[in-house]
Amino acid sequence: MEYNFKDIEARWQKYWQQNNTFKAEDRSTKPKYYVLDMFPYPSGAGLHVGHPLGYIASDIIARYKRHRGFNVLHPMGYDSFGLPAEQYAIQTGQHPALTTKKNIQRYRRQLDKIGFSFDWDREVRTSSPDFYRFTQEIFLRLFNTWFNKKTGKAEPIADLIAAFSFSGTEGVEAAASEDLHFTAEDWNMYSEEAQEKILQNYRLAYRAESTVNWCPALGTVLANDEVKDGLSERGGHPVVQKKMMQWSMRITAYAQQLLDGLEEVDWNESLKETQRNWIGRSEGARVEFSLQGHTEKIEVFTTRPDTIFGASFMVLAPEHPLVDGITVPEYAGAVKKYKEQAARKTERDRMADVKTISGQFTGAYAIHPFTQKSIPVWVGDYVLASYGTGAVMAVPAHDSRDYAFARQFELPVLPVVEGGDVSKEAFEAKEGTVVNSDFLNGLQVGEAIHKAIAQIEEMGLGEGKINYRLRDAVFGRQRYWGEPIPIYYKEGIPMPVKAEHLPLSLPEVDAYLPTEEGEPPLARAAAWEYDPEKGVVAKGEGYPLETTTMPGWAGSSWYYLRYMSPQAGKLVDEEAVRYWQEVDLYVGGSEHATGHLLYSRFWHKFLHDLEIAPTTEPFRKLINQGMILGNSAVVYRVEGKNTFVSYGLRKQYKTTKIHADVALVNSSDELDVEGFKAWRDDLGNAEFILEDGKFKVGREVEKMSKRWYNVVNPDDICAQYGADTLRMYEMFLGPLEQSKPWNTAGISGVHGFLRKLYRLYVQNDSLLVNEEKADKKELKALHTLLKKVTEDMNTFSFNTSISAFMICVNELTELRCSKREILEPLAICLSPFAPHLAEELWHKLGHATGISRVDFPAYNEAHLEEDAFVYPVAFNGKMRFKQELPRNASKESVEKEVMQNEKTKHYLEGKTPKKVIVVPGKIVNIVV
RNA sequence: GCCCUGGUGGUGGAAUUGGUAGACACGCGGGACUUAAAAUCCCGUGGACAGCAAUGUCCGUGCGGGUUCAAGUCCCGCCUGGGGCACCA
């Protein structure tokens, strides 16, 4: 019997399930290893071959670590709240819970076929009330916490209230939306409502009027990372800026820690860089400029305080609160008009419009703090209200945007750093000698920045300051299919739902759309009010409950902790968490760099402050698997006709491209014409212009998507070649972290390898394995493989491991080696990659128990050694011939042997070499 | 514009980190077995030139320089694919 993967795979998948083979222990004397995949959103389309790529890699590591004696936690679950299920519900009226359940079942079936070693007892689903009650608990903990800058930690809001009633804001250093000042008397006199309003300024989960990304098509707000180029990431709908009362997360409190934490994790550089860019730390100074005839001052933030003497005008954002107050009557009309015009522009317009410079003079003047000269104050939309202070001191000589503005409105340009020619463009380099700057003259830019800040602080004009680009994350979504926010409103004051009433379950609604008044879907629920004694009650019987739900990233920000104790009746079981600590290896796509991976670090640091999470970072090592791209097939239709032309002849016609289903194309790019005709109604009577009797398609590499008909389903591959072939082929395709197109053509090589390997053990239904002693060559073949695989486990270079397997098996086949001494370790080594086949072989070798926890065979360097080294002999660095020499020969004797060789003499042509270089074990180079 | 990454045969990709470039696989060409096909096995396969031949010589890792006995690998200057940030002061 040939290698019958169908039987083998079905048998061992059943065996693993029945024996609970991959159950992880929460208490163990073994060392632990936690290897995690980013859990999927169970979409209706099911899995394509790109999805399992990362899961296969993590499964290889998980299985390998088990062989190495680790207690491995390798769980899987579903990120099952989300927009697609909800939109499907809107269209069909089906409850999203139902479609989600169906999709999960399909995912599970597909995953099971590939033979992963997940501990399914630990499965989590973010949309399950058993899970989201704890997501809600974390929300309440965030609500009840403020960030103390002095300790660098989250602390109970009660402590802050105590501090306020004792000494007001004096001595309090808190992360806050606004810098507030009041005394203890003030605080104690405030109404409860006023006090709560102030507390919202400090809570880590808080409500605030903020400018949000509103997507009218989706009817909801979006976080910054969910917006790409002014369009929603899901669906690509336009997004506009809108002011709304919103729940937010004070992630900015942790900006510095999120930045610093990147130093201690083992992630790739580009991902760290993406997060650094997103956090966007910039060092500089806050400086106040007085205004002529006003007591208010304009505050600016600058990273170049050294250029302050070059400040020749100031620009306020159109939304800046001082604009109206300082504008002189004769400019009032023009300023008003300008502000309106700016307000009409969406974020997208502004971005598309970077080159048009617009602005308006206010008629007001500020006073330069050092020269006392008056400088004009303008309004301009290139200054953003949301960053820094919403105002800038313009130094046109050394900032290109200020420069463009100055040129447009003919404002003075004063160079203060040597090295540029400001007649053409701004000189922005952070180097050179400062000039025309009084006490800064002669200093280098770096020194001047420090001195300027020192002087600004001494004169009480401001201070050194660090700004971050990172914004607080909008947390409320006007949607149905998400975690309800456990808050009710008592006389308008947000109050936490009591712990005993969690989970606050999603109510039934009659439709999944917003109400006619524009309220979120939850406002439709018949029972969506709250009584602190009874819990959720019907309309009119309690206080109104919050109607927005949490965003998609809420559940995924802590699910990795839940896997440690998935059945615990509390957030986490302390003992389990103490044992598992953190995720040792996290595998997932880099598209989550500024979303999930940042938010979960934020929550983790918060939970660490509460002493729930033992570590400061959640994911020790992170690997981004590349995307598997689709290899689309395109056919060329002659314009205006229902005639298609083969790829090679397309240039002779005027054609348009049409995607064809890749299932209709064979590996030589030939189209199944009859299948294509039957594929779509309009193609039934299509004509085809062939080349050499065949119709060829063009190929294009694109994202794998239903839309391009280029989706390859792993089920089909499993049916045709088996899961082990699929697993190995996906790894063989190329480096894990690289994106690459799927190409089914190459799969035969890997499949052939597995059959060849099988034939080492079994032929004609009988076991070939014998008990003879292995010889040197056979041991070398095996140990070369063991060494390569062992080393590749650290670098995730599974593609080269598989090459090593092929070399080893080719060699053993050639040697006709079927010795147990070789084949037993070979089966274990294969187990992480092709687990079904490895189990089968292990069983055939006579072992009654499974292979999964058998010790991984160690390689022995002694078996890799050769009796003789083959030294390449080079002349002037060019290789000419090779010479075999004893392994333990000294440098000198190698040199002597080589110099006496006939060929050497031939190449030397009687000349004496200038130099002879012997690199032991590598090369001999003779320089003539 | 700034930052991070890559660029190697017809294709996917190797190369012990400065030491025989192109491992392994696909594809292609040739052969064996077979009535035939499938399957399997063997040989060849970067380019150019010379030779009946074994073989030999030269050129070759995006481009141009440099360091070195020796460069895909290190340094300088460009070109180019992918990703991130972006009127962020």
Side-chain angles (χ1 to χ4, degrees), chain A residues 2 268-282 284-285 300-304 307 315 317 350-351 353-358 380-384 386-395 398-402 404-405 428 467-471 590-591 593-594 624 626 667-668 729 732-735 737-750 752-753 755-756 759 787-788 791 797 799-808 810 813-814 870-882 913-928:
Chain A
E2 272 286 293
N268 72 55
E269 196 47 43
S270 71
L271 191 70
K272 286 186 184 183
E273 199 57 29
T274 302
Q275 291 212 341
R276 284 190 200 110
N277 279 341
W278 190 260
I279 295 167
R281 177 188 155 110
S282 63
V300 301
F301 174 74
T302 176
T303 54
R304 294 294 302 274
T307 62
V315 186
R350 270 203 192 188
M351 281 191 306
D353 221 19
V354 171
K355 281 173 201 93
T356 345
I357 295 146
S358 72
D381 69 1
Y382 82 93
V383 177
L384 303 176
S386 56
Y387 184 77
T389 61
V392 300
M393 65 172 205
V395 185
H398 305 291
D399 181 284
S400 58
R401 295 150 307 177
D402 296 345
F405 197 84
E428 293 186 287
N467 255 336
Y468 300 92
R469 206 186 60 84
L470 183 71
R471 295 297 136 79
S590 57
E591 66 273 19
T594 52
N624 288 132
S667 55
S668 314
Y729 184 57
F732 186 64
L733 224 42
E737 304 206 42
Q738 195 173 298
S739 286
K740 54 238 161 190
W742 176 261
N743 175 12
T744 310
I747 202 164
S748 62
V750 172
F753 152 75
R755 294 162 48 143
K756 204 166 176 179
R759 283 200 301 271
K787 185 175 186 204
K788 183 73 183 134
E791 286 171 352
S797 325
N799 53 331
T800 56
S801 295
I802 293 168
S803 294
F805 268 109
M806 291 173 173
I807 295 167
C808 175
N810 282 342
T813 303
E814 205 166 305
V870 179
Y871 277 91
V873 182
F875 288 79
N876 290 329
K878 297 275 181 189
M879 207 272 294
R880 299 301 159 105
F881 68 95
K882 296 163 193 170
K914 280 188 200 148
K915 208 200 275 185
V916 180
I917 297 151
V918 180
V919 184
K922 286 191 173 165
I923 199 163
V924 182
N925 191 2
I926 301 163
V927 185
V928 186

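In what follows, every chain begins at residue 1, and chains take the letters A, B, ... in the order their sequences are listed.
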Considering every strand and a 4.0 Å limit on heavy-atom distances, what is the contact class for [X]: base, sugar-phosphate, or nothing?
X      : result
A:V392 : base
A:P741 : nothing
A:F732 : base
A:S270 : sugar-phosphate
A:S400 : nothing
A:D402 : nothing
A:K882 : base

Between [X] ([atom1]) and [N] ([atom2]), how many Å, whole number?
X      : N      : atom1 : atom2 : answer
A:N876 : B:rC69 : CG    : P     : 11 Å
A:Y382 : B:rA89 : OH    : P     : 13 Å
A:L733 : B:rA25 : CG    : P     : 16 Å
A:E2   : B:rC41 : CD    : P     : 10 Å
A:E814 : B:rC42 : CD    : C1'   : 10 Å
A:F805 : B:rC24 : CZ    : P     : 17 Å
A:M806 : B:rG13 : CE    : P     : 15 Å
A:N268 : B:rG84 : CG    : C1'   : 12 Å

Separation of the [atom1] atoms in [N] and [M], to the nearest angstrom:
N      : M      : atom1 : answer
B:rC52 : B:rG27 : P     : 36 Å
B:rG46 : B:rG60 : C1'   : 8 Å
B:rC3  : B:rU11 : P     : 33 Å
B:rC58 : B:rG51 : C1'   : 16 Å
B:rA14 : B:rG64 : C1'   : 28 Å
B:rC28 : B:rA71 : C1'   : 33 Å

Would you check if there is a donor-acceptor pair between the side chains of A:K915 and A:N925 at a distance under 3.5 Å?
no
So, does [X] get its side chain near the phosphate of [N], meaning an N or O under 4.0 Å from OP1 or OP2?
X      : N      : value
A:R759 : B:rC41 : yes
A:N799 : B:rA25 : no
A:S739 : B:rG82 : no
A:K915 : B:rC69 : yes
A:R755 : B:rU40 : yes
A:Y387 : B:rA89 : yes
A:Q738 : B:rG6  : no
A:R469 : B:rA86 : yes

State which residues pass salt bridge (Lys or Arg N to Asp or Glu O under 4.0 Å) with A:D402; sequence neighbours excluded, sorted by chain then number.
none
Using the criterion of both pairing distances under 3.5 Å for Watson-Crick and G-U wobble pairs, give all stems of 3 or more consecutive pairs involving RNA chain B.
B:1-7 with B:79-85, B:10-12 with B:24-26, B:27-32 with B:40-45, B:46-50 with B:55-59, B:62-66 with B:74-78
On RNA chain B, nearest-nucleotide positions of A:N810 versus A:N925: which is more 5'?
A:N810
Which residue lies toward the 5' end of RNA chain B, A:I747 or A:S386, if each is placed at its nearest nucleotide?
A:I747
Base orientation of B:rG9, chi within 90° of 0 counted as syn, else anti, reads syn
Using the glycosidic torsion, which applies to B:rU17: syn (within 90° of 0) or anti (everything else)?
syn
Could you go through the side-chain contact (heavy atoms from CB on, under 4.5 Å) check for A:V750 and A:M806 one step at a time?
CA-CA 8 Å; A:V750 172; A:M806 291 173 173; 4.0 Å; yes
Please give me the minimum heavy-atom distance between A:P913 and A:I926, naming the atom from each residue.
CB-CG2, 3.5 Å
Provide the closest heavy-atom pair for A:F732 versus A:S803 in the form atom of the first, atom of the second, distance.
CE1-OG, 3.6 Å
Please determine whether any donor N or O and acceptor N or O are separated by less than 3.5 Å between the side chain of A:N277 and the base of B:rC85.
no
Between A:L733 and A:W742, is any pair of side-chain heavy atoms under 4.5 Å apart?
yes
Check the orientation of A:F405 and A:Y382. Use parallel for under 30°, tilted for 30 to 60°, and perpendicular for over 60°.
tilted
Residues, nucleotides or ligands: over 12 heavy atoms within 6.0 Å of A:E269 CD
yes
A:E428 side chain to A:S400 backbone, donor-acceptor under 3.5 Å
yes
